[in-house]
Amino acid sequence: MDDSMGVWAVRRLALNSGTARMIVLAMMLSGVSLGTGQREARAAAAAVPAAELTLEDLAAENLSAQHQPSPEQSGADLGRSQGGLVLPHAESLAQEPEAGANGGLPAAGVDAAAALTAEGAIADCDRTLDPEDAACDRPTDRAETVTPPPPAPGSPGETLAPAERSEVFVQAAYLQQGGDGSARLRAGGIYVLSPSVLAGATVDLSTGPSFTDSNQTGLSLSELYLTASPANLPELRFTVGLMDLTSYLDRNSFAKDSLTHFFNPVFQTNPALSAVNMASRPGALVNWTPVDAVSLTATTFSANRSLGSFALDSFAGEVGVRWGNAIVRGTYVTSTDAGRGDGFAEIFSFDRGNGQFGPLPGDRETGYGLNAEAFIPGLKLGLFGRYGWYTNHTLGASGQTFSFGANGLDVFLPGDRLGLGYGRQLSNDSLRQASGGPVPDVWELFYDVQMIDNLRAGVTVQQRNAFSETYLGFRVRYDMRWYPLRRAAE
């Protein structure tokens with residue numbers, strides 16, 4: 001009798017994947033308590049989907065069923081083969097459908113197909129290397145795409161028809177790091193006006209410092225945009241309006257979204273770029289994919305988010321190139337300081353005379369970023385690395401940042417993610433050493449798993465500032481997504 005009962009219990013547990021997930025997470029959470037040490041200054045950053053390349057052409061036989069894109073997640077880039085735009089699929093609008101940032105709904109988790117995004121631009125989350133579309137985990141996390149080889153009819157990568165349906169999404173999330181708790185309710189939608197034109201909007205209600213892609217707390221409009229692609233030139237896309245620039249620039253499949261990837265902002269949008277107003281800004285953007293392995297993005301925007309101070313005084317450009325299972329992106333941003341109090345920590349002690357210290361509104365700033373990622377299908381392992389350089393030309397002061405690490409997929413349970421990374425916040429070594437400050441570095445280990453449909457949860461352990469401070473934390477994210485409006489493909 002005892003043996004038969006034991007067999008019955010094992011079978012019940014094996015058949016109930018939700019229970020297994022809860023047990024694994026409960027074991028990890030049981031050791032989590034609020035971290036000790038001083039709170040780290042919030043990194044000025046915004047996080048996630050942008051015009052990018054994707055790993056849609058990885059051999060499907062090398063990926064687990066969990067990671068193979070569904071018909072909604074895959075597709076040629078923005079309807080290149082269809083002569084129109086293709087709606088994105090966000091695993092996190094659902095990222096899983098990512099950001100993002102970034103990071104989404106079932107996106108700032110990750111997964112959308114060649115298509116337009118709620119980020120205010122056409123974004124193909126499939127144009128990342130992460131088979132889970134981590135780049136689109138948040139509604140704002142969508143990446144533009146390059147067209148992969150045509151998939152076999154009926155296969156997971158079969159091309160979508162031109163944009164056929166509008167969508168509405170809602171995401172609720174909570175993130176705790178040490179003593180800092182942050183909550184956000186995000187809602188938005190995409191309305192398809194025609195196979196080549198769509199409009200989108202995203203609204204956030206947030207509190208706390210952890211959502212670096214929501215650079216304003218309280219109730220705020222993050223995106224309100226119109227995206228179009230010429231019917232006879234689908235590889236060219238234009239977006240105008242209020243855009244979350246982190247959704248189009250510096251995308252990465254394994255280090256971008258705070259709700260799917262790493263918790264710490266150093267592993268999200270490159271700090272050297274986010275310090276130069278790479279956030280939610282009004283402007284215009286163009287993305288061109290001349291060949292499948294190359295994506296070019298350029299945008300002009302206003303340094304100040306307020307329409308009362310609108311001026312096209314800033315520029316950003318990015319080149320993305322893919323070699324097999326690897327993608328490299330180079331990004332440049334120039335703008336004027338908008339008075340957000342960002343930059344590297346030591347710059348605020350820089351004496352500019354007349355009793356003034358640090359950057360002031362109007363200072364000219366530039367940021368350079370190098371971003372690389374690679375996926376190893378046989379190991380289900382993603383690798384990433386970033387380097388950034390920031391300069392305030394008015395002060396003649398510069399700072400550097402870097403990060404690198406790895407993500408393992410399907411490590412303990414289908415669809416889970418285990419990541420380890422090391423990085424250093426934006427800093428000026430000589431000024432820091434002169435002041436005797438600690439090295440602003442961090443290493444982080446995180447685990448993220450889907451508990452039940454639309455609900456993901458994760459835990460983290462971090463050491464910061466020369467390994468002198470330990471932080472523990474957790475997060476939960478719930479996503480919903482609807483397709484209330486439909487239209488036949490034209």
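Please read all numbers here as calculations on a predicted model, not as lab measurements.
Here the side chains of Asp448 and His261 are not in contact, with every heavy-atom distance at 4.5 Å or above. Side-chain contact between Trp482 and Val170: present, with at least one pair of heavy atoms (C-beta onward) separated by less than 4.5 Å. Side-chain contact between Thr297 and Leu249 is present, with at least one heavy-atom pair separated by less than 4.5 Å. Using a 4.5 Å heavy-atom cutoff, the side chains of Thr401 and Tyr390 are not in contact. With contacts defined as side-chain heavy-atom distances shorter than 4.5 Å, the pair Asp250/Lys256 qualifies. The side-chain heavy atoms of Arg464 and Pro438, taken from C-beta on, include no pair separated by under 4.5 Å. Annotation: side chain of Phe263 is not in contact with side chain of Val459 (no heavy-atom distance under 4.5 Å). No side-chain heavy atom of Leu370 sits less than 4.5 Å from a side-chain heavy atom of Trp389.
Taking every heavy atom of both residues into account, Ala272 and Val276 meet most closely at O-CG2, 3.5 Å. Between Gly181 and Pro209 the shortest heavy-atom distance is O-CD, 4.3 Å.
Side-chain N or O atoms of Arg456 include none that pairs as donor or acceptor with a backbone N or O of Arg475 at under 3.5 Å. In terms of modelled atom types and a separation under 3.5 Å, the side chain of Arg281 and the main chain of Phe301 share no donor-acceptor contact. The main-chain N or O of Gly423 is never found under 3.5 Å from a side-chain atom of Asp441 such that the two would form a donor-acceptor pair.
Judged by distance alone, the side chains of Arg386 and Asn270 never bring a donor and an acceptor atom under 3.5 Å apart. Inspection of the Thr460 and Gln177 side chains reveals no N or O donor paired with an N or O acceptor under 3.5 Å. For the residue pair Gln171 / Arg184, a side-chain donor-acceptor distance below 3.5 Å is found, with atom types taken as modelled. Side-chain atoms of Ser222 and Asp204 form a donor-acceptor pair, as typed in the model, at a separation below 3.5 Å.
Taking OG from Ser295 and CD from Glu235, the interatomic distance works out to 11.5 Å, rounded to the nearest 0.5 Å. Rounding to the nearest 0.5 Å gives a distance of 14.5 Å between CG of Asn407 and NZ of Lys380. Here the CZ-CD distance, from Arg329 to Glu373, works out to 4.5 Å after rounding to the nearest 0.5 Å. Put simply, CD1 on Ile376 and CG on Leu383 are 5.0 Å apart, with the number rounded to the nearest 0.5 Å. Considering CZ of Phe402 and CG of Leu426, their distance stands at 12.0 Å, rounded to 0.5 Å. Taken to the nearest 0.5 Å, the OG1 atom of Thr391 stands 10.0 Å off from the CG atom of Asn428.
Using a 30° and 60° split on the angle between ring planes, Tyr174 and Phe474 fall in the tilted class, from 30° to 60°. Ring geometry for Tyr447 against Phe412 counts as perpendicular: the plane angle is over 60°, on a 0 to 90° scale with 30° as the lower cut.
Here Tyr387 pairs with nothing under the ring-ring contact (aromatic ring centres under 6.0 Å, His included) rule; sequence neighbours left out.
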Practice prompt. Would you sort out whether Glu444 and Asn264 count as a side chain to side chain donor-acceptor pair (under 3.5 Å), showing the intermediate values?
Written response: CA-CA 8 Å; Glu444 178 180 351; Asn264 195 285; 5.2 Å; no
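Side-chain rings of Phe384 and Phe254 stay apart, their centers remaining 6.0 Å or farther from each other.
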